[in-house]
A.B. asks: 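Starting off with a structure, shown below.
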Amino acid sequence: MKIIVCVSCVPDTTTKPTFIENNSKLNEQGVQFIVNPYDEYSLARAVALRDANPGSKITVITVGEANTEQNIRKALAVGADEAIRINAKPVNGQYVAKQIAHVVKEIGFDVIFTGKESIDYNGGITGNLLAEELNIPYTHSVTSLEISGNEAKMEREIEGGKEVVKSALPMALGSQKGIGEPIIPNMMGIAKARTKPLTVKEPVAVETSTQLVTHELPKPKGAGKFFKAEGNVQDAVNQLIEALSKEAKTI
Amino acid sequence: MSVLVYLDSANGALKKTAYEAVAYATHLGEEVIALAIGNIEDKQSLADIGKYGAKKVYHISDEKLKTFANAAYASVIAQAAKELNCKTIVFSASSIGGVIAPRVAVKLNAGLLSDTNVLPKTENGQLIVSKTVFSGKANATFSLNGEYNVISVRPNTVKPSETGSSVEVESLNISAEETDFRAIAEAILKTSDKISLTEADIIVSGGRGMKGPENFYLIENLAEVLGAAVGASRAAVDAGWRPHSQQVGQTGKTVSPTMYIAVGISGAIQHLAGMGTSKVIVAINKDPEAPIFKVADYGIIGDAFEVVPALTEALKAYKQKIS
């Protein structure tokens, strides 16, 4: 089975973003980049799938500049077999999907893992765009995956429950928590990762009709109104209800 | 020109998110055309979409489209957009519309923004749309300049309101190809939650401060009085106290309710990522230094085990008084 895991390198969750060049770009100075958390779930499930299907191979694909390589090595350290870096800044989901589509058409695929979303621009679209580019089915926000023969059974999150989805292979999916338990790389994995193949490919020309214009930081909230329960819980509760009914008008 | 709005439906009925998508589309300054696909039992509910601002309503009731398959729905909607001459297509960023929108964008080579949570603008003839990015820590603005443009709208962004009158529902004869049904929904596993988290107007969430699963009845009782959905922090879910379906935040759900009440939740950045765009945030926590108070509009500093039962009782009395 040819397994592809798309990995996005994103600012660490705790990053406080600032912007440069007229607020058009993220200021990357001092920002630590990590493997997108949802892609860690993908990697975990992909490794188990590979191990259960002898002869399978996991190829990790990233669209990113040279500084993403340390994160690609992490993906190799937890068990991926080889990696491809498409040497370009990931402009947006549409751009990334087209770049990855171009590469995987060449190398072939049975199952393509993406994350449910990346935690930078929170689009939640790249896997689905990629699937449409490749004319294969896509299932979003997948919390469990079982494959037998040429068919996959998945559960995906929907409002108020889960949906059981049956999909033919080849297919793509967007991983959500639950599909696999993220693997922490061990010393042997890290050592092996150094010698696993990492190929760099140049991007193809892609234009999209979606342009990022500007970023802004949310306006700071005014100080909230907080009531102390100490001594008299009833007073605090009454004050809160008063505020919610008269000011916030939410009850 | 017109805007095409896809109407989310499930189990034979339109969803709340369908009305929200129509309400959003009315802000684009063009005629709004609504489209439903699959089985809708209450035909009047389709006609009534006119009341919320749609000038025309179409229904594709092809037998095969009774089962949800995002590729099939996308194929049908892209064809409809061309046939009805709609250059902008609006979806809810729900588990239905949100997974159709990207495929439609590829088919139409369109500009695309998913999960917008701000009303759109037009500047110099260009469509300007915004959304929160970096998990709520910043906002980003985009211009969409394709011949076609596709937008999905985060649930709870726009409140639908009745402004017009019912319209006649027209049928549209478009079908999908066999290969569009390679992934299909086979069954729905419902959770016991009465109200879905992402659609809820009010959410009451509990965290580590609840000290154990046996104490979540306090959260449930408070939610009951408010007609709210129950949520949980990652800490409460990872400890096995609550199901993952209730997790709010990174690796859980992103919600945007009118009011979010966080009980015994410190407010880790991963949690704020999932609820930071709530309109009003209320925190109940005994630690006045907890980060949740930095984003909260209102709060009570005190022990949840004293405050929550008192608040529940007082709200019961308040609700009785105003009803």
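Computed from a prediction, not measured in an experiment: that's the story for all the values here. Protein chains get the first letters and strands the later ones, always in sequence-line order, with residue 1 at the start of each.
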A.B. asks: Among A/V165, A/L212, A/I158, single out the residue with the greatest number of heavy-atom pairs under 4.5 Å to chain B.
C.D. replies: A/L212
A.B. asks: Hey, what do you get for CD1 (B/I261) to CG (A/L244), rounding to the nearest 0.5 Å?
C.D. replies: 7.0 Å
A.B. asks: Are any of the side-chain heavy atoms of B/T251 and A/Y41 separated by less than 4.5 Å?
C.D. replies: yes
A.B. asks: Which atoms of B/Y298 come close to chain A, meaning under 4.5 Å heavy atom to heavy atom: side chain ones, backbone ones, both, or neither?
C.D. replies: both
A.B. asks: So B/D115 and A/E117, side-chain contact (heavy atoms from CB on, under 4.5 Å) or not? Walk me through it.
C.D. replies: CA-CA 11 Å; B/D115 208 26; A/E117 66 181 70; over 6 Å; no
A.B. asks: Kindly say whether B/G111 contributes a backbone atom to a donor-acceptor pair with the side chain of A/Q94 at under 3.5 angstrom?
C.D. replies: no
A.B. asks: Answer with side chain, backbone, both or neither: which region of A/P220 has an atom nearer than 4.5 Å to a non-hydrogen atom of chain B?
C.D. replies: neither
A.B. asks: State, to 0.1 Å, how close B/M259 and A/I251 come at their nearest heavy-atom pair, and which atoms those are.
C.D. replies: CE-CG2, 3.7 Å
A.B. asks: Determine the option with the most heavy-atom pairs under 4.5 angstrom with chain B, choosing from A/T208, A/T14, A/L217.
C.D. replies: A/T14
A.B. asks: Would you say that B/V99 contacts A/R156 through its side chain, given a criterion of any heavy-atom pair below 4.5 Å between the two side chains?
C.D. replies: yes
A.B. asks: Under 4.5 Å from any heavy atom of chain B, what part of A/E151 do you find: side chain, backbone, both or neither?
C.D. replies: neither
A.B. asks: Any chance NZ of B/K286 has more than 12 other-residue heavy atoms, nucleotides or ligands included, within less than 6.0 Å?
C.D. replies: no
A.B. asks: Is chain B contacted by the side chain of A/E216, its backbone, both, or neither, given a heavy-atom distance below 4.5 Å?
C.D. replies: both
A.B. asks: Taking every non-hydrogen pair under 4.5 Å, which of A/T13, A/L240, A/N23, A/V233 racks up the most with chain B?
C.D. replies: A/T13
A.B. asks: Let me know if A/A97 has heavy atoms under 4.5 Å from chain B in its side chain, its backbone, both or neither.
C.D. replies: neither
A.B. asks: With rounding to the nearest 0.5 Å, note down the distance linking CD in A/E132 to NZ in B/K107.
C.D. replies: 4.0 Å
A.B. asks: Please assess B/L112 against A/L129 for the test side-chain contact (heavy atoms from CB on, under 4.5 Å), listing each intermediate value before the final yes or no.
C.D. replies: CA-CA 11 Å; B/L112 169 65; A/L129 291 168; 3.9 Å; yes
A.B. asks: Quick check on B/I202 against chain A: is it the side chain, the backbone, both or neither that has a heavy atom closer than 4.5 Å?
C.D. replies: side chain
A.B. asks: State the CG-CZ distance between B/D297 and A/F226, to the nearest 0.5 angstrom.
C.D. replies: 8.0 Å
A.B. asks: Less than 4.5 Å to any heavy atom of chain A: does that hold for the side chain of B/T132, its backbone, both, or neither?
C.D. replies: backbone
A.B. asks: If only atom types and distance count, is the side chain of B/K137 paired as donor or acceptor with the main-chain N or O of A/T15 below 3.5 Å?
C.D. replies: yes
A.B. asks: What residue, out of B/E199, B/K279, B/K294, has the most heavy-atom pairs lying under 4.5 Å from chain A?
C.D. replies: B/E199
A.B. asks: Quick one: which of B/L311, B/L189, B/D201 has the most heavy-atom pairs under 4.5 Å with chain A, could you say?
C.D. replies: B/L189
A.B. asks: Got a sec: does the NZ of A/K16 have more than 12 other heavy atoms crowding it under 6.0 Å?
C.D. replies: no
A.B. asks: Take a 6.0 Å sphere around CG of A/N67 and say whether it holds more than 12 heavy atoms from other residues, nucleotides or ligands.
C.D. replies: yes
A.B. asks: A/I119 versus chain B, heavy atoms under 4.5 Å apart: side chain, backbone, both or neither?
C.D. replies: both
A.B. asks: Looking only at heavy atoms, which of residues 173-184 of chain A get nearer than 4.5 Å to chain B?
C.D. replies: A/Q176, A/K177
A.B. asks: Counting heavy-atom pairs closer than 4.5 Å to chain A, which one of B/K319, B/K190, B/R103 comes out on top?
C.D. replies: B/R103
A.B. asks: Relative to chain A, which segment of B/S135 carries a heavy atom at a distance below 4.5 Å: side chain, backbone, both, or neither?
C.D. replies: both
A.B. asks: Against chain B, label A/Y121 side chain, backbone, both or neither, depending on which of its atoms sit under 4.5 Å from a heavy atom there.
C.D. replies: both
A.B. asks: Taking every non-hydrogen pair under 4.5 Å, which of B/E306, B/Q250, B/E313 racks up the most with chain A?
C.D. replies: B/Q250
A.B. asks: How far apart are the closest heavy atoms of B/A314 and A/N238, and which atoms are they?
C.D. replies: CB-OD1, 4.3 Å
A.B. asks: Please round to the nearest 0.5 Å and tell me the distance separating atom CG of B/L113 and atom CD1 of A/I125.
C.D. replies: 7.5 Å
A.B. asks: Hey, are A/E159 and B/S95 close enough side-chain-wise for a donor-acceptor pair under 3.5 Å?
C.D. replies: yes
A.B. asks: Checking heavy atoms, do the side chain of B/A110, its backbone, both or neither come under 4.5 Å from chain A?
C.D. replies: backbone
A.B. asks: Taking the side chain as every heavy atom from C-beta outward, state whether B/I301 and A/E230 have any atom pair closer than 4.5 Å.
C.D. replies: no
A.B. asks: May I ask you to name which of A/S24, A/S209, A/G161 has the most heavy-atom pairs under 4.5 Å with chain B?
C.D. replies: A/S209
A.B. asks: Based on non-hydrogen pairs under 4.5 Å, which of B/A310, B/G302, B/G276 is most in contact with chain A?
C.D. replies: B/A310
A.B. asks: Select one option (side chain, backbone, both, neither) describing which atoms of B/V237 are under 4.5 Å from chain A's heavy atoms.
C.D. replies: side chain
A.B. asks: Which bit of A/I241 comes within less than 4.5 Å of chain B, counting heavy atoms only: side chain, backbone, both or neither?
C.D. replies: side chain
A.B. asks: Between B/F293 and chain A, with a heavy-atom cut-off of 4.5 Å, which part of the residue counts as in contact: side chain, backbone, both or neither?
C.D. replies: both
A.B. asks: In terms of heavy-atom pairs under 4.5 Å, which option from A/A131, A/G124, A/A152 contacts chain B the most?
C.D. replies: A/A131
A.B. asks: Pick one of side chain, backbone, both or neither for B/V282, based on which atoms fall under 4.5 Å of a heavy atom in chain A.
C.D. replies: side chain
A.B. asks: Please lay out, stage by stage, how B/R182 and A/N135 fare under the test side-chain contact (heavy atoms from CB on, under 4.5 Å).
C.D. replies: CA-CA 10 Å; B/R182 285 171 294 178; A/N135 188 23; 3.2 Å; yes
A.B. asks: Any idea which of B/G252, B/G98, B/A317, B/S245 has the most non-hydrogen atom pairs under 4.5 angstrom with chain A?
C.D. replies: B/G252
A.B. asks: Would you confirm whether B/N145, through its side chain, and A/Q211, through its main-chain N or O, come within 3.5 Å as a donor-acceptor pair?
C.D. replies: no
A.B. asks: Identify which part of A/P218 has an atom lying under 4.5 Å from any heavy atom of chain B, answering side chain, backbone, both or neither.
C.D. replies: both
A.B. asks: Hey, is the main chain of A/G123 close enough, under 3.5 Å, to the side chain of B/S114 for a donor-acceptor pair?
C.D. replies: yes
A.B. asks: Over all heavy atoms of both residues, which pair between A/A229 and B/I300 is shortest? Give the atoms and the distance, please.
C.D. replies: CB-CG2, 3.8 Å
A.B. asks: Side chain, backbone, both or neither: which part of A/T126 has a heavy atom under 4.5 Å from chain B?
C.D. replies: neither
A.B. asks: Does any backbone or side-chain atom of A/T250 lie under 4.5 Å from a heavy atom of chain B? Answer side chain, backbone, both or neither.
C.D. replies: both
A.B. asks: Rounded to the nearest 0.5 Å, how far apart are NZ of A/K249 and OG1 of B/T258?
C.D. replies: 14.5 Å
A.B. asks: Rounded to the nearest 0.5 Å, how far does NE2 of A/H215 lie from CZ of B/F134?
C.D. replies: 5.0 Å
A.B. asks: Are there more than 12 heavy atoms of other residues, nucleotides or ligands under 6.0 Å from atom NZ of B/K16?
C.D. replies: yes
A.B. asks: Go through A/Q239, A/E157, A/K228, A/H140 and name the one with the most non-hydrogen pairs under 4.5 angstrom from chain B.
C.D. replies: A/E157
